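Keep in mind that what you see is a predicted model, and the values were worked out from it rather than measured. Note on naming: letters A, B, ... go to the chains in the order of the sequence lines (proteins, then strands), and numbering restarts at 1 for each one.
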Protein chains: 2
Amino acid sequence: MSIRNPKLALYEQFAIVAKALGNPLRLELIEHLAQGSRSVEALAAKLGQPIANISQHLQALRRAGIVSAERDGKYVRYSLSDASVLSAFAAVRGIAERQLAEVDRIVRDCFEARDDIQPVTRGELQALMRDGLVTLIDVRPADEFALGHVPGAVNVPLGEVKAWSQGADPGREIVAYCRGPWCVMSFEAVAALRSLGHSVRRLEDGMPEWKAAGLPVEMAA
Amino acid sequence: MSIRNPKLALYEQFAIVAKALGNPLRLELIEHLAQGSRSVEALAAKLGQPIANISQHLQALRRAGIVSAERDGKYVRYSLSDASVLSAFAAVRGIAERQLAEVDRIVRDCFEARDDIQPVTRGELQALMRDGLVTLIDVRPADEFALGHVPGAVNVPLGEVKAWSQGADPGREIVAYCRGPWCVMSFEAVAALRSLGHSVRRLEDGMPEWKAAGLPVEMAA
DNA sequence: CCATCATTCAATAATTACATTGAATGACGA
DNA sequence: TCGTCATTCAATGTAATTATTGAATGATGG
C-alpha cells in the first residue's frame with residue numbers, strides 16, 4: 001500500500017507522540033519512570049490512582065513509543081524507551097515556564113515563597129562535594145533512592161527529615177534534591193530544615209536530569 | 001487563591017503545551033512558522049485549509065505559548081514565541097523515528113526509495129561551500145527563501161528545478177535543502193535532478209535547523 | 001495442570017477536540 | 001466617519017479522550 005501524503009502521514013505519527021505527552025497524569029508517570037522501571041501496581045500506588053486507569057495511560061504511552069514493557073515475574077515492568085523523552089519533557093516544560101502566565105502564578109504562590117534562594121547547579125554541587133563542604137540529602141522514598149542516587153548522597157525521605165536534622169551539625173550547609181525541578185519534596189525539605197535553623201539549598205533539578213547529563217550514579221548495595 | 005496540588009497544577013500547564021503539539025496540522029503550522037512569521041491567510045494558503053480552521057489552530061498554539069501574534073497593517077503576523085519549540089519538535093520527532101514502526105514504514109515506502117544516499121551534514125556542507133566544490137540550491141518557494149536562506153544558496157523552487165538544471169554543469173555536485181528533515185521538496189528535487197544525470201545529495205535537515213544551530217543566515221536584498 | 005493475582009479489556013457516561021459554516025469584529029485607509 | 005477586508009467568534013455535528021466499573025485474560029509458581 002502506498003501513501004498519498006507522506007508528510008501528513010509522518011506528522012500524524014509525530015502528533016501521536018506529542019498527544020501522549022499531553023496529559024498531566026501521563027507526565028507524572030514519565031517523571032516516576034525516569035527514576036527507574038516500575039510495575040503498574042507500584043505506579044498506581046505512587047500516583048494514588050486506580051490500577052486500570054494507570055494501565056490505560058501506560059498503554060497510551062506505549063503506543064506512542066514513550067515507554068516499553070517487559071515481564072518480570074508476576075509483574076510487568078514499564079520503563080522509558082527513549083532518551084529523548086526527557087529532552088521532550090524539558091523542552092515542553094521550558095516553553096510553559098517562559099510563556100504561560102499561569103505557571104508563573106503557580107510558582108509564585110507555591111514554590112518561590114518556600115525557597116527564594118538560588119538553587120545549586122549540578123556543577124557547583126560536584127565542586128562542593130569534592131571539597132567535602134556540604135551534606136547532600138536525597139529526600140525521595142527509599143525505593144527510588146535504591147534505584148540510583150547521586151554518589152555521596154544520604155537518603156532522608158521527607159517524613160524523616162525532622163528526626164534526621166537533630167543529629168546534623170547546624171553549622172554545615174545542606175543540599176537537598178528529589179525527583180525533578182518541580183517535585184515538591186525538596187521544597188518541603190528545605191522549608192522544614194530552614195525553620196529548624198539549618199542552612200539549606202535545593203539542587204536545581206533532580207535525579208533523572210543528573211543521570212541524563214551523564215554524571216555518575218550510585219546504586220544501593 | 002491558593003493551589004491545592006501545585007505539582008498537578010504545573011503538570012496540567014505542561015500538558016497544555018504538549019497537547020497543542022499533538023495535532024498534525026499544528027505541527028505543520030509550526031514548521032512553516034519556523035521559516036519566518038506569517039499571516040493567517042498566508043498559512044491557510046500554504047496548508048490548503050480554510051482560514052477559520054487555521055485561525056482556530058493558531059489560537060490553540062497561542063494559548064499554549066507556542067506562537068505569538070502581532071498586528072502588521074491589515075494582517076496579524078504569527079511567529080514562534082520560544083526557542084524551545086524547535087527542540088520540543090525535534091525530540092518528539094526523534095522518539096517517533098526511533099520507536100514507531102509506522103514511521104519506519106512510511107519512510108521506507110516514500111522517502112528511502114527516492115534517496116538512499118547518505119545526506120550531507122551541516123558541517124560537511126560548510127566545508128564544501130568554503131572550498132567552492134558544490135552548488136547549493138534552496139528548493140523552497142521564493143517567499144520563504146526571501147525570509148532567510150543559507151549564504152551562497154541559489155533559490156530554485158521545485159517547479160523550476162528541471163528548467164534550471166539545463167544550464168547547470170552536470171559534472172558539478174549539487175546539494176539541495178528545503179524546510180526540514182521530512183519536507184518532501186528536497187527529496188523530489190533530488191529525484192528529478194538525479195534522473196537528469198546530475199550528482200545530487202540532500203542536506204540532512206532544513207532552514208529552521210540551520211538557523212537554530214546558530215549558523216549564518218542571508219536575507220533577500 | 002490448576003489456582004492465583006497482576007494486568008488488561010470492555011462498556012459507560014461526561015467532557016473535550018475537531019472541521020465546517022456563516023456571521024461578527026475591529027483595525028486600517030480614505 | 002465609513003467601507004473594506006483580514007481575522008475571529010459562535011453554532012453545529014461528529015469524533016476522540018477520560019475516569020470508572022467490573023469482568024476477562026494470561027503468565028507464574030506450585
Parallel, tilted or perpendicular: which describes the rings of Phe187(A) and Trp182(A), with under 30° parallel and over 60° perpendicular?
parallel
Check ion pair Glu144(A)-Lys46(A) (N to O, under 4.0 angstrom):
yes
According to a strict under-4.0 Å criterion, is Ser55(A) in side-chain N/O contact with OP1 or OP2 of dT7(C)?
no
Rounded distance in Å - CZ (Arg63(B)) to C1' (dC9(D)):
12 Å
Taking atom P of dA19(C) as reference, at what distance in whole Å does atom CD of Glu28(B) sit?
12 Å
Using OP1 and OP2 only, check whether a side-chain N or O of Tyr78(B) sits under 4.0 Å from dT8(D).
yes
Tell me: CG of Leu61(B) to P of dT8(D), nearest whole Å?
12 Å
Side-chain donor-acceptor contact under 3.5 Å, Glu204(A) with Tyr177(A)
no
Compile the donor-acceptor pairs under 3.5 Å between side chains in residues 152-165 of chain A and protein atoms, sequence neighbours left out, one pair per line.
from, atom 1, to, atom 2, distance (Å)
Asn155(A), ND2, Asp138(A), O, 2.9
Asn155(A), ND2, Arg140(A), O, 3.0
Ser165(A), OG, Lys162(A), O, 2.7

Using the salt bridge (Lys or Arg N to Asp or Glu O under 4.0 Å) rule, take Glu31(B) and Lys7(A) through it: C-alpha gap first, then chi angles, then the decisive distance, then the call.
CA-CA 11 Å; Glu31(B) 180 184 51; Lys7(A) 186 174 182 177; 2.7 Å; yes
Which letter, B, S or -, goes with each nucleotide of nucleotides 25-30 of chain C from 5' to 3', with contact meaning a protein heavy atom under 4.0 Å?
--SS--
Tell me: CD1 of Ile51(A) to P of dA6(C), nearest whole Å?
7 Å
Tell me: CZ of Arg38(B) to P of dT7(D), nearest whole Å?
13 Å
Arg63(A)/Glu102(B) salt bridge by N-O under 4.0 Å criterion
no
Tell me, please, whether Tyr78(A) has Arg38(A) positioned over its six-membered ring: NZ or CZ under 6.0 Å from the ring centre and within 45 degrees of its axis?
no
According to a strict under-4.0 Å criterion, is Gln59(A) in side-chain N/O contact with OP1 or OP2 of dC9(C)?
yes
Could you please spell out the steps behind the salt bridge (Lys or Arg N to Asp or Glu O under 4.0 Å) verdict for Glu209(B) and Arg179(B)?
CA-CA 9 Å; Glu209(B) 291 80 9; Arg179(B) 288 178 190 140; over 6 Å; no
Calculate the interatomic distance between Glu70(B) atom CD and dT8(D) atom C1'; express it in whole Å.
18 Å
Where does the angle between the aromatic ring planes of Phe145(B) and His149(B) fall among parallel (under 30°), tilted (30 to 60°) and perpendicular (over 60°)?
parallel
Per-nt protein contacts along nucleotides 16-22 of chain D (heavy atom under 4.0 Å; B base, S backbone sugar-phosphate only, - none) come out as -SSBBBB
CD1 of Ile54(B) versus P of dC18(C): gap in Å, rounded?
12 Å
Nearest whole Å is fine: how far is dC5(D) P from Asp72(B) CG?
18 Å
